[in-house]
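Computed from heavy atoms alone, side chains included, the values below leave out hydrogens, waters and symmetry copies.
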Amino acid sequence: MTETLTTVASSLHPADAALDVVVQAGDGWSHVVPAGGTLRIVDLEGNQAVDTLFYDAHDHAERYSAQDTIREQGSIYLTTGSRLLTGSGRTLMEVVADTCGRHDTLGGACAQESNVVRYGEHTRHMHACRQTFLAEVLKHGMTKRDITHNVNFFMNVPVTPEGRLTFEDGLSAPGKYVELRAVVDTLVVISNCPQLNNPCNAYDPTPVQLLVWDAPEG
């Protein structure tokens with residue numbers, strides 16, 4: 001059976017964005033999106049994995065929880081309407097537009113250890129998302145222990161009837177995007193995945209564009 005994905009476009013115009021940056025594959029980025037502000041992540045060349053962490057900007061202990069987000073909303077995939085919840089049930093951000101239609105929050109972020117298990121000993125010294133995450137959270141007074149659940153935007157990770165995860169070809173394409181509105185001031189930490197060993201991105205990590213709009217006046 002072919003699954004139909006629902007997509008929703010945004011009315012926001014890039015020319016009105018307060019921030020417009022391109023993050024190269026393998027690089028990191030972090031920024032506080034103020035309450036009411038909006039972040040758009042654009043998959044510039046298609047099928048790039050954008051590993052992302054979320055924290056309350058004023059209390060880093062309040063951070064994104066995949067378990068609570070999945071349990072409370074009854075869905076293992078994220079798309080328009082999904083709320084990103086903390087472990088105490090507070091909403092950090094909400095997905096308000098999505099032209100891809102599916103994003104993963106089960107697969108986790110790549111690490112040197114997981115690279116060895118999945119791809120072989122020769123990958124042990126390859127750069128991984130957890131290293132990028134560490135470099136970014138250190139800027140905000142956090143440590144390795146503060147790196148927790150993440151969202152993999154644009155990743156297609158279906159769950160089999162037996163409950164296993166599979167990493168499939170991406171559903172994204174050049175120019176597709178996802179947009180999130182901050183409910184509270186939210187620290188967003190991104191590792192634009194450097195993974196060279198996963199066929200889902202054709203072994204070719206690519207840049208992404210990040211746009212941030214301030215909260216509407218009034």
Requested in this report: Starting at CG of D56, measure out to OG1 of T186 and round the result to the nearest 0.5 Å.
Outcome: 6.5 Å
Query raised in the report: Distance from H60 atom NE2 to H140 atom NE2, nearest 0.5 Å?
Result: 7.0 Å
Report summary line: Between S10 and Y177, the two heavy atoms sitting closest are N-OH, 2.8 Å
Report task. State, yes or no, whether a side-chain contact exists between V50 and D43 at a heavy-atom distance under 4.5 Å. Result -> no
Requested in this report: Can you measure from CG (L92) to CD (E62) and round to the nearest 0.5 angstrom?
Outcome: 7.5 Å
Query - Linked, directly or transitively: W213 and M93 (ILVMFWY side chains, under 4.5 Å) - result: no
Query raised in the report: Would you say the side-chain atoms of N152 pair up with the backbone N or O of G108, donor to acceptor, closer than 3.5 Å?
Result: yes
Report summary line: Partner of L210 under side chain to side chain contact (heavy atoms under 4.5 Å, CB included), picked from V22, L19, I190, is I190
Query raised in the report: Are the side chain of R40 and the backbone of L12 linked by a donor-acceptor contact shorter than 3.5 Å?
Result: yes
Report task. Just do the side chain to side chain contact (heavy atoms under 4.5 Å, CB included) check on L134 and Q131 with the steps written out, would you? Result -> CA-CA 5 Å; L134 179 58; Q131 293 168 301; 5.7 Å; no
Query raised in the report: Do T143 and V137 have side-chain heavy atoms sitting under 4.5 Å apart?
Result: no
**Report entry** Whether Q48 side chain and T206 backbone form a donor-acceptor pair below 3.5 Å
**Finding:** yes
Query raised in the report: Taking H103 as the fixed residue, which of D98, N156, T79 is the one that meets the side chain to side chain donor-acceptor pair (under 3.5 Å) rule?
Result: D98
**Report entry** Polar side-chain atom of N192 near backbone of G26 as donor-acceptor pair, under 3.5 Å
**Finding:** no
Query raised in the report: Does H149 have any ring pair (Phe, Tyr, Trp, His ring centres under 6.0 Å) partners at least two apart in sequence or in another chain, and if so, which?
Result: none
Report summary line: Hits for side chain to side chain contact (heavy atoms under 4.5 Å, CB included) against T132, two or more places apart or cross-chain, chain-then-number order -> H127, S191
Report summary line: Residues S30 and V189: closest non-hydrogen pair is CB-CG2, 4.0 Å
Query - Flag side-chain contact, heavy atom, 4.5 Å: Q73 against T69 - result: yes
Query raised in the report: Given the rule that I, L, V, M, F, W and Y join up when any side-chain heavy atoms are under 4.5 Å apart, are V95 and V208 in one cluster?
Result: yes
Report summary line: Nearest heavy-atom contact between Y203 and L196 is CD2-O, 3.3 Å
Requested in this report: Answer with yes or no whether the side chains of T38 and E179 bring together a donor and an acceptor at under 3.5 Å.
Outcome: no
Query raised in the report: Side chains of E162 and T160: donor-acceptor distance under 3.5 Å anywhere?
Result: yes
Query raised in the report: Among side-chain atoms of R83 and T91, is any donor-acceptor pair under 3.5 angstrom?
Result: yes
Query raised in the report: Do the side chains of V116 and E113 get nearer than 4.5 Å, heavy atoms only?
Result: no
Report summary line: Rounded to the nearest 0.5 Å, the CG atom of N150 sits from the CE atom of M155 at a distance of 10.0 Å
Query raised in the report: Considering only heavy atoms from C-beta outward, does the side chain of F154 approach that of V178 to under 4.5 Å?
Result: yes
Query raised in the report: Is there a donor-acceptor pair closer than 3.5 Å between any side-chain N or O of Y64 and the backbone N or O of V151?
Result: no
Query raised in the report: Any salt bridge (charged side-chain N to carboxylate O under 4.0 Å, His left out) pairs touching residues 122-138, not counting sequence neighbours?
Result: E121-R124, E136-K139
Query raised in the report: Less than 4.5 Å apart, any side-chain heavy atom of S65 and any of L85?
Result: no
**Report entry** Check: A15 main-chain N/O paired with H13 side-chain donor or acceptor under 3.5 Å
**Finding:** yes
Query raised in the report: Just wondering, do L84 and L78 contact through their side chains at under 4.5 Å, heavy atoms?
Result: yes
Query raised in the report: Do the side-chain N and O atoms of Q209 and D20 include a donor-acceptor pair separated by under 3.5 angstrom?
Result: yes
Query raised in the report: Got a second to check how far L5's CG is from Y77's OH, nearest 0.5 Å?
Result: 10.0 Å
Query raised in the report: Quick check: does any side chain N or O of E94 sit under 3.5 Å from a backbone N or O of V183, one acting as donor and the other as acceptor?
Result: no
Query - C193 versus A25, closest heavy-atom pair with distance - result: O-CB, 4.4 Å
Report summary line: For C110 and N115, the nearest pair of non-hydrogen atoms, with its separation, is CB-OD1, 3.9 Å
Report task. Side-chain contact test, heavy atoms from C-beta onward, threshold under 4.5 Å: evaluate it for L53 versus M142 and give yes or no. Result -> no
Query raised in the report: CD1/I147 to CZ/R63 distance, rounded to the nearest 0.5 angstrom?
Result: 10.0 Å
Report summary line: Closest heavy-atom pair, A17 versus L211, reported as atoms and distance to 0.1 Å, is CB-CD2, 4.1 Å
